[in-house]
Structure formats: C-alpha cells, structure tokens
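Quick caveat: nothing in here was measured; it's all calculated off a predicted structure. Worth knowing before you read on, the calculation uses all heavy atoms, side chains too, and leaves out hydrogens, waters and symmetry mates.
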Amino acid sequence: MSSTENSTYEGFSAEERAAMKDHAKEQKAAARRGSRADKAALAAQDVLDKIAEMQDSDRVMAERVHAVVTESAPDIAPKLWYGMPAYALDGKMICFFQSAAKFKARYATLGFSDQANLDDGNMWAAGFALAKVTPEVEKQIAELVKQAVSQG
C-alpha cells in the first residue's frame, strides 16, 4: 500500500480508544464474578448504571430501548459491550445501543451484530439511527429484536 500526502492513518480516535478500554474492563469484571446467576445480575445492573450515566436525550432513549428489547426477547441478557448497553442470546451479542455522545455523533444508534437473524437477501440494515424513541419506533424495535432472536 502506498501513502500520499493526503491520506495518512491517524489511528483510533480518543472515543474509540476509550471504548476499547471499557471493553477490557468489562472482560476483567466478568471474569471476577461468581456464579452464572451472579454474573447475569451484575451485568444487567452494569447496563442500568451505564444508562443512568448518559446525557438526557441519550438516557431517555436508552431506557426505552432497554425496556423494549428486554420485553420483546425475555431470554436476552443485558451486558456492557465496549462501554455500551448491549444484549446477548446464549452468550452471543445480538444488538446494542450506542449513545450519540459516546462518539460525538448527531444521533444515537441501535445496532445489530452478525449473530442477529435479520438477513434479507444480499443486503440488509444492521444499524439504525435513533433521533427519538416514539411508540411507533418502539414497535419497530420490538419487531427487529424478535426477528433478530428468531431461529429462522
């Protein structure tokens, strides 16, 4: 690969480095926890604590997303993932909420991993911008989460 004056690699942003550090802390904390039930309860509390730390609009959206995701898929397990509220099924990350403030973006994001069963032909959405979580948006989130955890 050649380099030019106009294209230089600047490395990870401060926000990306912080997310990686958060992930390392999450992994260490999970390893220190006791039983599976204790780990799940503490992970769920970590998510609620992280949501409570968010700025106003992000916090309100994250609270609604959390409620909709956990109601739509009762077997899904809340946990932190790179410092973001996320939800796993059988240990595999399915979806996550990324606050706008975390990466200084103009909107929050509801993202889905490759473990989510959202496949639709040769191209489908894996991330959704959230400007506001209305009852209509909650319904869309519930449908996406139910599809994401479905068996096919």
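- The number of heavy-atom neighbours closer than 6.0 Å to OH of Y107, taken from other residues, nucleotides and ligands shown, is 12 or below.
- In this structure, CG on L80 lies 9.5 Å from CG on L48, to the nearest 0.5 angstrom.
- Between V149 and A73, the closest heavy-atom pair is CG2-CB, 4.0 Å.
- Put simply, CG on L130 and CD on Q98 are 10.5 Å apart, with the number rounded to the nearest 0.5 Å.
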Give every donor-acceptor pair under 3.5 Å between a side-chain atom in residues 51-61 and any protein atom, sequence neighbours left out.
| from | atom 1 | to | atom 2 | distance (Å) |
| --- | --- | --- | --- | --- |
| D56 | OD1 | R59 | NH1 | 3.3 |
| D58 | OD1 | A100 | N | 3.2 |
| D58 | OD2 | A100 | N | 3.2 |
| D58 | OD2 | A101 | N | 3.1 |
| R59 | NH1 | M54 | O | 3.4 |

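- Under the rule for a side-chain hydrogen bond (donor to acceptor under 3.5 Å, both in side chains), E143 has no partner lying at least two apart in sequence or in another chain.
- Between the S113 side chain and the M93 main chain, a donor and an acceptor come within less than 3.5 Å of each other.
- For P78 against T70, the heavy-atom pair with the smallest separation is CG-CG2, 4.1 Å.
- For the atom pair L110 CG and C95 SG, the distance stands at 6.0 Å (nearest 0.5 Å).
- The two residues E138 and V133 come nearest to each other via the heavy atoms CG-CG1, 3.5 Å.
- Every residue meeting the side-chain hydrogen bond (donor to acceptor under 3.5 Å, both in side chains) condition with E16, not counting sequence neighbours, appears here in chain and number order: S13.
- W81 is not connected to F103 by any chain of hydrophobic side-chain contacts under 4.5 Å among Ile, Leu, Val, Met, Phe, Trp and Tyr, and they are in different clusters.
- Placement of I94 and F96 in two distinct hydrophobic clusters is found when ILVMFWY residues are connected by side-chain heavy-atom separations under 4.5 Å, directly or transitively.
- Sorted by first and then second residue, the ring pair (Phe, Tyr, Trp, His ring centres under 6.0 Å) pairs with a member in residues 129-152 form an empty list; sequence neighbours excluded.
- In this view, E15 and K104 satisfy the salt bridge (Lys or Arg N to Asp or Glu O under 4.0 Å) rule, not counting sequence neighbours.
- Here D22 pairs with K102 under the salt bridge (Lys or Arg N to Asp or Glu O under 4.0 Å) rule; sequence neighbours left out.
- The stretch residues 52-71 participates, sequence neighbours left out, in these ring pair (Phe, Tyr, Trp, His ring centres under 6.0 Å) pairs: H66-Y87.
- In this structure, M84 is not a member of the same hydrophobic cluster as L89, with clusters built from ILVMFWY side-chain heavy atoms closer than 4.5 Å.
- Remark: F97 engages no residue in a ring pair (Phe, Tyr, Trp, His ring centres under 6.0 Å) (not counting sequence neighbours).
- The side-chain hydrogen bond (donor to acceptor under 3.5 Å, both in side chains) search around K92 returns none, not counting sequence neighbours.
- Between V145 and V68, every side-chain heavy-atom pair lies at or beyond the 4.5 Å cut-off.
- Counting only heavy atoms from C-beta outward, the side chains of I76 and V69 approach each other to under 4.5 Å.
- Residue Q115 holds its CD atom at 10.0 Å from CG of D90, rounded to the nearest 0.5 Å.
- Follow the hydrophobic side-chain contacts under 4.5 Å out from V65 and you reach V137 in the same cluster.
- Remark: L144 pairs with F112, L118, F128 by the side chain to side chain contact (heavy atoms under 4.5 Å, CB included) rule, at least two apart or across chains.
- In this structure, E71 has no salt bridge (Lys or Arg N to Asp or Glu O under 4.0 Å) partners at least two apart in sequence or on a different chain.
- For the side-chain hydrogen bond (donor to acceptor under 3.5 Å, both in side chains) test, no residue two or more places apart in sequence or in another chain qualifies with D119.
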